[in-house]
Participant: 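Sharing a structure here in structure tokens format.
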There are 2 protein chains.
Amino acid sequence: MSTPATRLRADARRNVEGIRTAALDVFRERGLNSPLEEVARAAGVSKGTIYHRFGGRQGLIEAVVEELVAERIRGIGVAAGEIADPVERFEHYLREIWLLQYDEPAVNDVLLRALPGSEPVAALCEHAAETAARFLADAQATGVVRADVTPEDVDLLIWERGIIARACGQQPREGYRRRLEYTLRGLRAAA
Amino acid sequence: MSTPATRLRADARRNVEGIRTAALDVFRERGLNSPLEEVARAAGVSKGTIYHRFGGRQGLIEAVVEELVAERIRGIGVAAGEIADPVERFEHYLREIWLLQYDEPAVNDVLLRALPGSEPVAALCEHAAETAARFLADAQATGVVRADVTPEDVDLLIWERGIIARACGQQPREGYRRRLEYTLRGLRAAA
DNA sequence: GCGTTACTTGACGTCATGGTCAAGAACCGT
DNA sequence: ACGGTTCTTGACCATGACGTCAAGTAACGC
């Protein structure tokens with residue numbers, strides 16, 4: 001949709017942009033399962049137009065996922081990568097991902113792999129999982145993080161947080177954050 | 001419904017029992033939000049009958065919640081109460097509740113307070129929360145469990161597990177169990 | 001300006017769920 | 001075995017979502 005083979009008419013271009021913007025808003029607020037009619041209303045078009053322009057929910061998601069979440073997930077990986085201490089790096093990465101899951105419900109719809117068949121989304125998950133695995137291995141090498149934690153455990157801890165954050169509703173961020181630390185602390189080897 | 005003012009007709013009594021049994025099955029399998037039509041089918045009656053006999057989902061739940069989960073939740077409290085070591089007692093209680101949440105999806109619908117306005121269900125939650133708080137306080141008194149953990153934290157840790165267990169799907173029990181230990185370990189004070 | 005074509009609309013069909021109720025079936029006392 | 005009463009049924013309405021398409025509207029090229 002970004003560089004169409006045949007140039008779009010002016011109103012169509014306007015609408016595509018409007019829908020993208022509206023989708024960012026609505027998806028941020030309510031997650032990727034929001035009714036498309038909601039997006040349509042916010043964009044001031046009818047839902048038929050969304051189907052025309054994006055082919056349905058999947059296409060729409062793929063059109064906004066980069067701006068919506070991919071950048072931020074990758075940003076966290078990069079920021080963590082700059083931390084020298086492996087344990088701190090690993091824990092910082094996990095903590096930030098977990099907080100992002102709280103702050104952006106849409107992240108969970110991606111991380112929960114709730115969108116089978118979407119190549120860009122799958123790639124994003126893959127990338128996040130690999131980053132986590134790398135950081136985990138480094139952190140375990142120091143002996144501070146338990147050796148019996150598997151990369152799959154980390155994936156699932158992220159998955160679990162996604163489920164929680166999605167259901168979080170009005171839970172205060174501070175308590176959520178504090179409970180993250182319990183799990184993080186539990187990943188360390190006994191002293 | 002257990003001791004009706006006016007004696008029920010034979011077919012009605014038969015149906016009430018059939019519906020209760022079917023509800024136990026269906027609720028165990030799919031949680032307390034299963035379509036009532038499902039229960040009706042399993043009981044070999046039509047859904048109208050359920051509305052007649054139990055007044056709707058809420059009434060039906062109240063009619064089975066005792067057998068479905070209350071007994072087991074209380075059982076865990078009692079069993080834990082017999083453990084002498086406060087830390088072990090606290091951890092055992094939490095672990096068993098968490099596992100029950102995995103094993104019986106219906107427990108979560110109760111513990112998640114997803115049934116506003118149901119007195120017996122609310123009482124059950126209350127009881128579980130109080131038990132947990134008591135065990136927590138004892139465990140903290142030994143200095144082994146972090147002093148900054150609040151009873152509300154424990155409530156919410158249980159709540160979080162409920163959300164997770166409910167979404168768990170095909171996740172293997174063993175991994176679920178292992179990840180519980182991370183959190184449990186995280187509740188202990190640093191050594 | 002005007003015809004052609006791209007674009008948009010919103011009503012429609014569908015599905016899954018919750019809940020209701022008039023009409024018919026089953027039971028029970030006599 | 002029959003009448004009155006209790007009980008059950010399943011069609012019915014409502015809601016809220018998805019996805020489609022014929023018909024109407026608006027932009028573009030000339």
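Chain A is the first sequence line, chain B the second, and so forth, proteins listed ahead of strands; every chain is numbered from 1. No experiment lies behind these values; they were computed from the predicted model shown. Because only heavy atoms are used, hydrogens play no part in the values below, and waters and symmetry mates are left out as well, while side chains stay in.
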Participant: Quickly work out the B/Leu8 CG to C/dC28 P distance and round it to whole Å.
Facilitator: 11 Å

Participant: Between B/Arg7 and D/dT6, is there a side-chain N or O to OP1/OP2 distance below 4.0 Å?
Facilitator: no

Participant: Return the value, rounded to whole Å, for the distance between atom CD1 of B/Ile50 and atom P of C/dG19.
Facilitator: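 Atom-to-atom, B/Ile50 to C/dG19, this comes out as 11 Å.
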
Participant: Nearest to the side chain of B/Thr49 - D/dT8, D/dT6, D/dA27?
Facilitator: D/dT8

Participant: Atom CD1 of A/Ile19 to atom C1' of C/dT8: distance rounded to whole Å?
Facilitator: 10 Å

Participant: By nearest nucleotide on DNA chain D, pick out whichever of A/Gly48 and A/Ser34 is the more 5' one.
Facilitator: A/Ser34

Participant: Regarding B/Asp148 and A/Arg178, does a basic nitrogen lie under 4.0 Å from an acidic carboxylate oxygen?
Facilitator: no

Participant: A quick test of your reading: do over 12 heavy atoms of other residues, nucleotides or ligands sit less than 6.0 Å from CZ of B/Arg30?
Facilitator: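 Not more than 12 within 6.0 Å, no.
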
Participant: Please tell me which of the listed nucleotides, D/dT9, D/dC7, C/dT8, lies nearest to the side chain of B/Arg53?
Facilitator: D/dC7

Participant: With respect to the side chain of A/Pro35, which nucleotide from D/dG10, D/dA17, D/dT6 is positioned closest?
Facilitator: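 Taking heavy atoms from C-beta onward, the closest nucleotide is D/dA17.
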
Participant: Would you say B/Arg57 reaches C/dG18's phosphate, i.e. side-chain N/O to OP1/OP2 under 4.0 Å?
Facilitator: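 So the side chain of B/Arg57 is within the cut-off, an N or O lying under 4.0 Å from OP1 or OP2 of C/dG18.
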
Participant: For B/Glu37 and D/dT8, give me the distance from atom CD to atom P, rounded to whole Å.
Facilitator: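 About 17 Å, once rounded to whole Å.
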
Participant: Does B/Arg41 pair with B/Glu38 as a salt bridge, N-O distance under 4.0 Å?
Facilitator: yes

Participant: Where the side chain of B/Asn15 is defined as all heavy atoms beyond and including C-beta, which of C/dT9, C/dT5, D/dT8 is the nearest nucleotide?
Facilitator: D/dT8

Participant: If you check the A/Arg9 side chain, which of D/dT9, C/dT20, D/dA26 turns out closest?
Facilitator: D/dA26

Participant: Roughly, in whole Å, what's the span from CG in B/Asp11 to C1' in D/dT8?
Facilitator: 8 Å

Participant: Keeping the roles fixed (side chain from A/Arg89, backbone from A/Ala84), state whether a donor-acceptor pair exists under 3.5 Å.
Facilitator: yes

Participant: Have a look at A/Glu17 and tell me which of A/Arg13, A/Arg20, A/Arg14 forms a side chain to side chain contact (heavy atoms under 4.5 Å, CB included) with it.
Facilitator: A/Arg20

Participant: Nearest to the side chain of A/Arg13, heavy atoms from C-beta on, is which of C/dG19, D/dC28, D/dA27?
Facilitator: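 It is D/dC28.
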
Participant: Could you state the CD-P distance from A/Glu38 to D/dA17, rounded to the nearest angstrom?
Facilitator: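 Distance, rounded to whole Å: 8 Å.
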
Participant: Check this for me: does the side-chain of B/Lys47 come within 3.5 Å of the base of D/dG10 through a donor and an acceptor?
Facilitator: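 No.
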
Participant: Could you state the CG-P distance from B/Leu36 to C/dT17, rounded to the nearest angstrom?
Facilitator: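 Rounding to the nearest Å, CG of B/Leu36 and P of C/dT17 are 11 Å apart.
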
Participant: Could you state the atom-to-atom distance from OH of B/Tyr51 to P of D/dT6 in whole Å?
Facilitator: 24 Å

